[in-house]
Every structure is written in structure tokens, then in C-alpha cells.
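Just below is one structure, and these are the notes that go with it.
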Amino acid sequence: MFRLAVANLTQNRTRLFLATSGAGVALALVLVFQAVFTGASARLTAYIDRTGADVWVSQEGVRTLHMSTSVLPSSVVEAVRSVPGVADAVPVRYATDSVAVGQAEFITYVFAVPERASVGGPWRIVAGTGALQPGEIVIDRSIAGTAGARLGDRVRILGRDFQVVGLIDGTSSLVSSVSFVRVEDFVRARGSGDAISYVLVRAQAGTPAQALAEAIRLHVTGVTVQTRSEFAAEERQLVADMSTDIITIMNTAGYLTGLAVVMLNVYIATVARRREYGVLKALGMRNGRLYQIIVIQALITTGLGLAGALLLTLSLALLLPWMDGLLVLSLDRGATVRVALTAAVLAVVASLAPARLIARVDPASVVRRGTS
Amino acid sequence: MSQPGLQVQHVTKRFGAGDTEIVAVRDVSLDVAHGEVVLIMGPSGSGKSTLLLMLGALLRPSTGEIHVNGVEVTGLSERRLPDLRLRHIGFIFQDFNLLSAVDVLDNVSIPAQLAGARRRDARTRAAALLQALGLGHRLGFAPEQLSGGEKQRVAIARALVNEPDIVLADEPTANLDARHGHETMRLLRRIARERGRSVIIVSHDQRIRDIADRVLWMEDGALRDAVAMAADPVCGMSIEQEKAVIATWDGRTFGFCSRGCRDEFLEQPLQFVLPDPAPPEAGAGPLPPPGGREIVSQPAVPR
Ligand SMILES: Nc1ncnc2c1ncn2[C@@H]1O[C@H](COP(=O)(O)OP(=O)(O)O)[C@@H](O)[C@H]1O
Ligand SMILES: [Mg+2]
């Protein structure tokens, strides 16, 4: 019966095209939004993922970078350094601020680590240098590009002017980016004195991060110790929690649009073919078989729409980095599978109304028509 | 004679109730033998289609019983009816009712697949049947590419593909010109003869009555034996044979309502009836033998 379903569907190509396009656009809405979210969230944890620390030590109870303030006395650094298995411990100072580049302002996470620190400094420097002098700053190349700033230009952050000497790549999203300044500039601007934010720990070769974190917990009190992956997971969870509502709304809107398009199409197609379904019933086809035909049609329409949506999203994901780099699309397999499964369920739901219609078709009156 | 293929006992069908009640079929009883072609004629609204729908298990009689090959259809549950229709009854409709989205071969093979045949077997069987009906060169055509006569032959192939015991045709010639109408009727007679099917045709087309073994007249929901009736080939009026004005042509006898009609007929008989016997149909070979089923041959019922 698959053949009949496909034939029914492809007989009216225009309608099939419109329906799959409609479903495709709706599902693309869901996929793109999901990808934007995944991309942004990957960039939010860029510093954690890329900075090279195996373990993060923070003020007791503080588990994330964003939406929290961690303050530690600098003595913690020595305490951590003396724990067996620690290769290096680097104090990092951190603040959220906006950086003004010309007329434009961008939210940025400002980090300051001591000169020549083994971890925590800038990475992926695409222009200029990461070795900062007083009054100098490294910013993300995307915000520089967006604002039209170049090396040597001045930007304003932490209430002071800095000169851009280096550009890094891959930290900016629509909501944030990463910048680096020297420790003394940071301390002067913030008036934070000896206090530091986190201690970034590098493990000795052969020491697993998990074991190292455990050792630090044993030896240093009054701190929260997490491995890099734990810290990043907390961070992503925080972002997810903050964006759950908006994501739910966007997903619902996308899914409902897709459902409406597919349902309408399958319904119209069924009404148009009602007589033939009545004839099939008269010939002895059972309702169950007829439902199958309709569900297959809905599934194919949705499937084609989903394929189109995936193509659209992937092309966007490939194209966007060529633009300003602020919007990153990242489509992970889990999200794609979830969208596909939801779409399949919606296709079945979309078949309910047409199935009811079919159930009510009386074969006797269908074949009687036209006879006298 | 063995058990009739179709037995109808005191079947009545009422629509509505009270003041608006319509008795569409009134106490009809009828036996149709294997291999027999019965033509039911009658004016519009006389209940022919309603009777046919009941014979085809698409409509339940208000009272009475219908037996197909000894099985009481009227006693079957709703759930079992689709299967009965699929395997034991072949339908041919006035407006063909082919599936527009699939080709000729699929139109015929789909019912076979529904009845449980594997796709390949169903297609082989359908192709053989279509070949036998002279449509071997049309297998991949869409129904809309066919002429009316070809569509009707596809519909006939579809009705036969599951080797039904009875074949029901409602106004099978109404949408066909005279030649194709006659072709269709001859085909139905062949099917009855060669395959032992009971064929019941409903029509008010006077031109096809000479093909039936038996012609019944339906009026006001009730059947009357039409043996005593004759249809005026000129004006189509139905007249009792004893009172008819008689004329003979081509070795056959015709009855007319008046001298006027008879004279008109004798001036140009071929305008009103076809010569008999009809020449064999071009292009169509003998029907393939039905798989694993005995062919019940019947002597022609004398008229
Ligand atoms: N579903 C129905 N409901 C009510 N009346 C019906 C229905 N079907 C048929 N009838 C009536 O039954 C009578 C017989 O109709 P039908 O069997 O179609 O006659 P025929 O086929 O001989 O023209 C007509 O009066 C018709 O209006
Ligand atoms: Mg009728």
C-alpha cells in the first residue's frame, strides 16, 4: 500500500511541494533555533573548554562562571599548588563588563592571568599578540570586525581605555565574548586587591582530573572544586535553564506550524480523494489499511519537510561564519533526532482528522452516485 | 443443478421511517446459477441499485436473506463483510471508479494484494487478465489516458482479479457508446460462461438485453419476470408480449408498442438493434483459466 500512498501523494506535485515546503520551513524554525542555542552555549563555555585547565577551584558554593561571583584569597593558590598531582595552579581574575568599540558595545567576559601563565591565557590568536603590556587588551575578532575596529584602536572597558593588541577567534556569540587584560590593569580598575576569582589547575601527566579534584577537595577547605567537564556542564545547564522558556515557545510555534501545514495538506488530499477511498472500501479494503495509506502520506510529507529543514539549517551553519561570526549554528545529533521523532509523532497526529473522515465514508453511497 | 451461486430470499429494503419511509426493494426473491447472466431492467428509481448494493454486501436488507455460495451474507458481522466483498464479489460500476493516481496494472493488482497475494504474484495475475481483455498494451497507462471502453475493461479486470463467485455490474454501459457497450456485455457473458460466475447486471439500456440469459423487470421495488414483457426497440417502452405489434428481422422477433414504431424499425433496423450473433471481439484472446478452480460450464439458457 506504500505504492498507492506515494502515488496519491505525487499525483499532485504542486500540493506536495507546497506542503513539504511549509513543513520544512516550520521544522527549520525549530532546528535553526535549536542550533543557534547550541552554538551560543558552546561559545559561552569556550573559555572553560579551551583554556587548558583540568580542574577549576572556586569560592565555596560557586559552580559557574556566569551569573555568579567567585572571590578567593590569593593564598588559596599556594595551598592548591602543594596538593600532590598538581602541575600548576594559576589565579584568574574575572569580571563581566561591556566593551565599547567605537559606537558599539558588547558584553564581554574579561579575564586577567599573570604573565606567562601556563593556563588561562588567550588562545587562537589570529592577529597581533597575546603578550600584553599595561593598557593593552585582547578582544574577539568578531566584535572587532562588527564594530570595524583594528589592531591599535582604542576600546573602553572596566571604565578605562585600552589599546587592542591582539585578536582571538571563536569566543563570541550574540550574547558574549572573551577579552584579556593584564592583572595590574584589572586590579586597578576593579579595586579588587589581592582577591582572585578562580584557581585554574593543571594536572601532572598521568593524574586524572577526577582524582586531582578529589585530592584538592581533601587538602584545601572552603572552596568548591570541579573538573573542567563538570564546570562546563554546570555552565551549560545554567544557560539552558535561563533559556528553557524561550526555547519551548519557539519549538512549540515551529511544531504547531508544521503540524497545521501537514494536517491541512493531508486533510485536503483526503477530501479530494474521498471517492476513491470509498471505492477501495467497496472493493473490500479495511479502514485500517486506509489509515495506513494516510499516515504514510503524512510521514512522507513531514519527512521531506524535515530533510529540507536539515539542508537549510546546515547550509546556514556553513554560511554564517562567513558573515560576522557572532551567530553560530551548531546542530547536534541528539537535537536532530528529537526533532525528527517529534515530527513523526506530529505526522501521525495530523492523520487523525483525515482518518476520521475516511471512517465515515460510506462505500454504498460512493458507488451509488451517478447511477440512476 | 448444483447450488445456485446466489440466492435471494424475500429481501426488502426500507429507507427512513414513518411518513418519509421509502420501500426501495420489496420482497425480492431470486436465484442465479453459476455461469448465468441475469439482467435486471427497470425505470429509474425502481430499486435496482439498492438491490445490487445488497447483493454486494454494501447495504444490509431490512428483512430477508442473501446467500453467496451457500454462505448467508446477511448473517455476517460488519467486520467480515470487507473480506467477503474482496474475495467473493466483483463490482463493476457505471463510472468505472478507477484509482487515478496509479497505472492500469496497479488498479487491477491492488485488490489482489489486498486479498493477500504477494505483489509480484498479484501483478502477474493482473497482467494476464488485462492481456486477456485486450489491454496488454495499456498496462503502464494512467486511467485518464484510456478510452471509456478501455476503462470499463480495466474495471472488469479489477472485478475479476480475485476470482469472485458473483459479478455485479450497475449500469456498466451507461457511459459507453453502443459498440463499447456491446463489447462489455459480451465480455461479461464470456466471463459467466468460461468461468462459471454468476453475473448480475443492472441497466435500463435496452440494447443489451439480448446478451442476458434471463431478463427481469423491476418496478416499484419488486421484480417481475420479464419473459412476458418486451421492450420496444424504437421508443424503449416496455410492453406485454401478447399485446405487442410483432415484426421479424434477421431471424429474430421484436415487439412494438404501435405500428408506427414497427414501421420505423423496419425502415432501418440497424439503427435500433445490433445484428446477431455479434462477431468475436478483436484483440481479445480467451480468458486465462482461473487458478485452481473448477470451471462450471453451463448450457445456454433457452430464451
Ligand atoms: N440511502 C437512501 N436513503 C433514502 N432513499 C434512498 C436511498 N437510496 C435509495 N433511495 C431511494 O430508493 C429508491 C430506489 O433507488 P435506486 O435503487 O437507486 O433505484 P434505481 O437504481 O433503480 O434507479 C429511490 O426512490 C431512491 O430515492
Ligand atoms: Mg441505479
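The figures that follow rest on heavy atoms only: side chains count, while hydrogens, waters and symmetry mates do not. Residue numbering restarts at 1 for every chain, and letters A, B, ... go by the order of the sequence lines.
- Considering CD1 of B/Ile110 and CG of A/Leu280, their distance stands at 7.0 Å, rounded to 0.5 Å.
- Here A/Arg275 contributes atom CZ and B/Asp95 contributes atom CG; the two are 5.0 Å apart, rounded to the nearest 0.5 Å.
- Around CZ of B/Phe15, the count of heavy atoms belonging to other residues, nucleotides or ligands within 6.0 Å exceeds 12.
- For the atom pair CG of A/Leu283 and CZ of B/Arg158, the computed distance is 4.5 Å after rounding to the nearest 0.5 Å.
- Note that the CZ atom of A/Arg286 and the CZ atom of B/Arg79 stand 7.0 Å from one another [nearest 0.5 Å].
- Taking A/Ala282, A/Ala7, A/Gly278 one by one and counting their heavy-atom pairs under 4.5 Å with chain B, the maximum is reached by A/Ala282.
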In sequence, state the C-alpha distance, the side-chain angles, and the governing distance for B/Leu53 and A/Val367, and then conclude on side-chain contact (heavy atoms from CB on, under 4.5 Å). CA-CA 9 Å; B/Leu53 289 172; A/Val367 300; 3.6 Å; yes
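- More than 12 heavy atoms of other residues, nucleotides or ligands shown are found within 6.0 angstrom of CD on B/Glu21.
- When side chains are defined from C-beta on, A/Val279 does not count as touching B/Phe91, because their heavy atoms never get closer than 4.5 Å.
- Rounded to the nearest 0.5 Å, atoms CG (B/Asp106) and CG (A/Leu4) are 8.0 Å apart.
- Rounded to the nearest 0.5 Å, atoms CD (B/Gln113) and CZ (A/Arg3) are 8.5 Å apart.
- For chain A, no part of B/Leu84 is nearby; none of its heavy atoms comes within less than 4.5 Å.
- Side-chain N or O atoms of A/Glu276 include one that pairs as donor or acceptor with a backbone N or O of B/Ser100 at under 3.5 Å.
- B/Arg80 CZ: 12 or fewer foreign heavy atoms inside a 6.0 Å radius.
- More than 12 heavy atoms of other residues, nucleotides or ligands shown are found within 6.0 angstrom of CZ on A/Arg289.
- Contact annotation for B/Asp83: both backbone and side-chain heavy atoms come within less than 4.5 Å of a heavy atom of chain A.
- Of the two parts of B/Leu99, the backbone and the side chain both hold a non-hydrogen atom closer than 4.5 Å to a non-hydrogen atom of chain A.
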